[in-house]
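Have a look at the structure below, then the notes.
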Amino acid sequence: MPVVRGILTAVLGTAVLAATAFAGANSAATAAEAPAASFAYEGALEQGGWIRGKAPPRTVRLRMGNYPLTLDPQGRFFAAFDRDSAPSTNLVATLADGSLLTVPLAVARRNWQIEHVDVARKPGGASESFLARRQPELARIEAARAAGSDSGGWAQRFIWPVKGRISGRFGSQRIYRGEPAAYHSGLDIATGASGTPFVAPADGVVTLAATTPFSLEGYLLIIDHGNGLNSAFLHCSDIVVREGERVRQGQHIGNIGATGRATGPHLHWSMKWRDARLDPLLFTGPMD
C-alpha cells in the first residue's frame, strides 16, 4: 500500500473529512497549507500500519482513541495500529481554550496469510526449567521496549536493514483444527548465509544488545526510534553496537545469523509502537 498523505479537518463537537486523502503525492501537506483546524498527515492507515502528522495550531493535548500521543516542539505526532486493530478510531485534539477537535480514522483490515492445518496442536507446555530461564529474558525485552529515548528516528522514512528474500511475512498464522497459534510478529529476510551485515533502518538508541544468546531470539538487538516506536532484530550472528549507543540510519549494527530458535540464517525484524505490533513492510515499501 502506498503512503497516503492529506489533510483531516475537524469541527467542534463533530468531525468531517474535508479533504480526501491521496496517494503518490510528492510531499505531505504542511500546517501552512492546511486550514486552521486540521491535521496534516501521512501514513499507512491499515492494520499493522502507522500515521505521522502535525496537529492543529493551539493543540495542547492529543490522543488517538484512549492513547495519549506525544507532541514534539513542532506539534508533530506519531501513532500506529496493531495487527488486530479495530476498523476505526478517532484523533482528538484539546486546544488551548479547552475545546475539542475530533476527526475519525478508518483503519483498513488486512487479509492475513492464514494456514489451516488439519492436525491438533502438540499437547503440553514449556518445562519449568525453560520458564525459569525465559522469565529474565522476557523482563529484559520488556524493559528495552519500554525504555524510550529522545531519538527522532520515528519521523524518518525507514530504509531496509538488508535486502534479500522475504521468507516470512508479518501477521501470518497457523490454525490447528480451529485452535489458532501465535501469529508471526515480524518480517523475515533471508540472504542465504550467516554474516551478512545489516544496518539501522532509522536513527535510534540501542536499548538491548545481547552478549549471550536468548533462548528463542538468539543474539537480540533492540533499537528505540523515539516516540514509543522501536525495532528488534533477532537471530544475529554478531552485534556491533552497544547498549546506550546512538545509531544513525544506514549504520552497520549487526550481522545476520541463525542463533536462537531458527531453522536457517535470516534476519527477523519486528516493530512495536507501545503495545501495538507493526508490519515493517508498511514503513519501507516494497524492496527495490
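The shown structure was predicted, so the numbers you read here are calculated from the model rather than taken from an experiment.
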request  = Would you confirm whether Q249, through its side chain, and G153, through its main-chain N or O, come within 3.5 Å as a donor-acceptor pair?
outcome  = no
request  = Spell out, as yes or no, whether a donor-acceptor pair under 3.5 Å connects the side chain of Q47 to the backbone of R109.
outcome  = no
inquiry  = Suppose the criterion is salt bridge (Lys or Arg N to Asp or Glu O under 4.0 Å): which pairs have a residue in residues 252-272, not counting sequence neighbours?
reply    = none
key: Test item: T89 side-chain N/O and L105 main-chain N/O as donor-acceptor pair under 3.5 Å   = no
task = Examine W273 and I222 and state if one hydrophobic cluster contains both, with Ile, Leu, Val, Met, Phe, Trp and Tyr joined whenever side-chain heavy atoms are less than 4.5 Å apart.
result = no
ask   = Residues sharing V199's hydrophobic cluster, by side-chain heavy-atom contacts under 4.5 Å among ILVMFWY, directly or via others?
value = I159
task = State, to 0.1 Å, how close L278 and F81 come at their nearest heavy-atom pair, and which atoms those are.
result = CD2-O, 3.5 Å
key: Contact summary for I166 and M287, nearest pair of heavy atoms   = CG1-CE, 4.2 Å
key: Contact list for residues 222-240, test side-chain hydrogen bond (donor to acceptor under 3.5 Å, both in side chains), sequence neighbours left out   = R145-N230, S149-D224, H225-S231, S231-W269
query = In this structure, are over 12 heavy atoms from other groups packed under 6.0 Å from E115 atom CD?
reply = yes
Set of salt bridge (charged side-chain N to carboxylate O under 4.0 Å, His left out) partners for E128, sequence neighbours left out = none
query = Between the side chains of S215 and R134, does any donor sit under 3.5 Å from an acceptor?
reply = no
request  = With the side chain counted from C-beta on, respond yes when T259 and L220 share a heavy-atom pair under 4.5 Å apart, and no when they do not.
outcome  = no
Other ILVMFWY residues reachable from L138 by side-chain steps of under 4.5 Å = none
Residue pair A190 / P265: nearest heavy atoms and the distance that separates them = CB-O, 4.1 Å
query = Going by the salt bridge (Lys or Arg N to Asp or Glu O under 4.0 Å) test, which pairs reach into residues 184-195, not counting sequence neighbours?
reply = none
task = Kindly say whether V107 contributes a backbone atom to a donor-acceptor pair with the side chain of E46 at under 3.5 angstrom?
result = no
Would you tabulate the side-chain donor-acceptor contacts of residues 58-71 under 3.5 Å, counting partners in other chains and residues two or more places apart, or write 'none'?
unit_1: T59; atom_1: OG1; unit_2: P56; atom_2: O; d: 2.7
unit_1: R63; atom_1: NH1; unit_2: G65; atom_2: O; d: 2.7

query = Can you list the residues that meet the salt bridge (charged side-chain N to carboxylate O under 4.0 Å, His left out) rule with R277, with sequence neighbours excluded?
reply = none
query = Got a sec, which pairs hit salt bridge (Lys or Arg N to Asp or Glu O under 4.0 Å) with one end in residues 67-79, sequence neighbours left out?
reply = D72-R76
request  = Would you check if the side chain of E217 reaches a backbone N or O of F214 as a donor-acceptor pair within less than 3.5 Å?
outcome  = no
ask   = Is the backbone N or O of A106 less than 3.5 Å from a side-chain atom of S88, with the two atoms forming a donor-acceptor pair by type?
value = no
ask   = Between the main-chain N or O of V206 and the side-chain N or O of E243, is there a donor-acceptor pair closer than 3.5 Å?
value = no
task = Kindly say whether G226 contributes a backbone atom to a donor-acceptor pair with the side chain of S151 at under 3.5 angstrom?
result = no
message = Does anything in residues 77-95 form a salt bridge (Lys or Arg N to Asp or Glu O under 4.0 Å)? List the pairs, not counting sequence neighbours.
response = none
request  = List in chain and number order the residues that pass salt bridge (charged side-chain N to carboxylate O under 4.0 Å, His left out) with D275, two or more places apart in sequence or in another chain; answer none if no residue qualifies.
outcome  = none
request  = Quick one: do L95 and L100 satisfy side-chain contact (heavy atoms from CB on, under 4.5 Å)? Show the steps, please.
outcome  = CA-CA 6 Å; L95 303 188; L100 300 180; over 6 Å; no
message = Check whether Q113 reaches the backbone of R169 with its side chain - one donor and one acceptor, N or O, closer than 3.5 Å.
response = no
query = Partners of E245 by salt bridge (charged side-chain N to carboxylate O under 4.0 Å, His left out), sequence neighbours excluded?
reply = none
inquiry  = Looking at H268 and S270, would you say the former's side chain and the latter's main chain have a donor-acceptor pair under 3.5 Å?
reply    = no
Between W50 and F283, ring centroids under 6.0 Å = yes
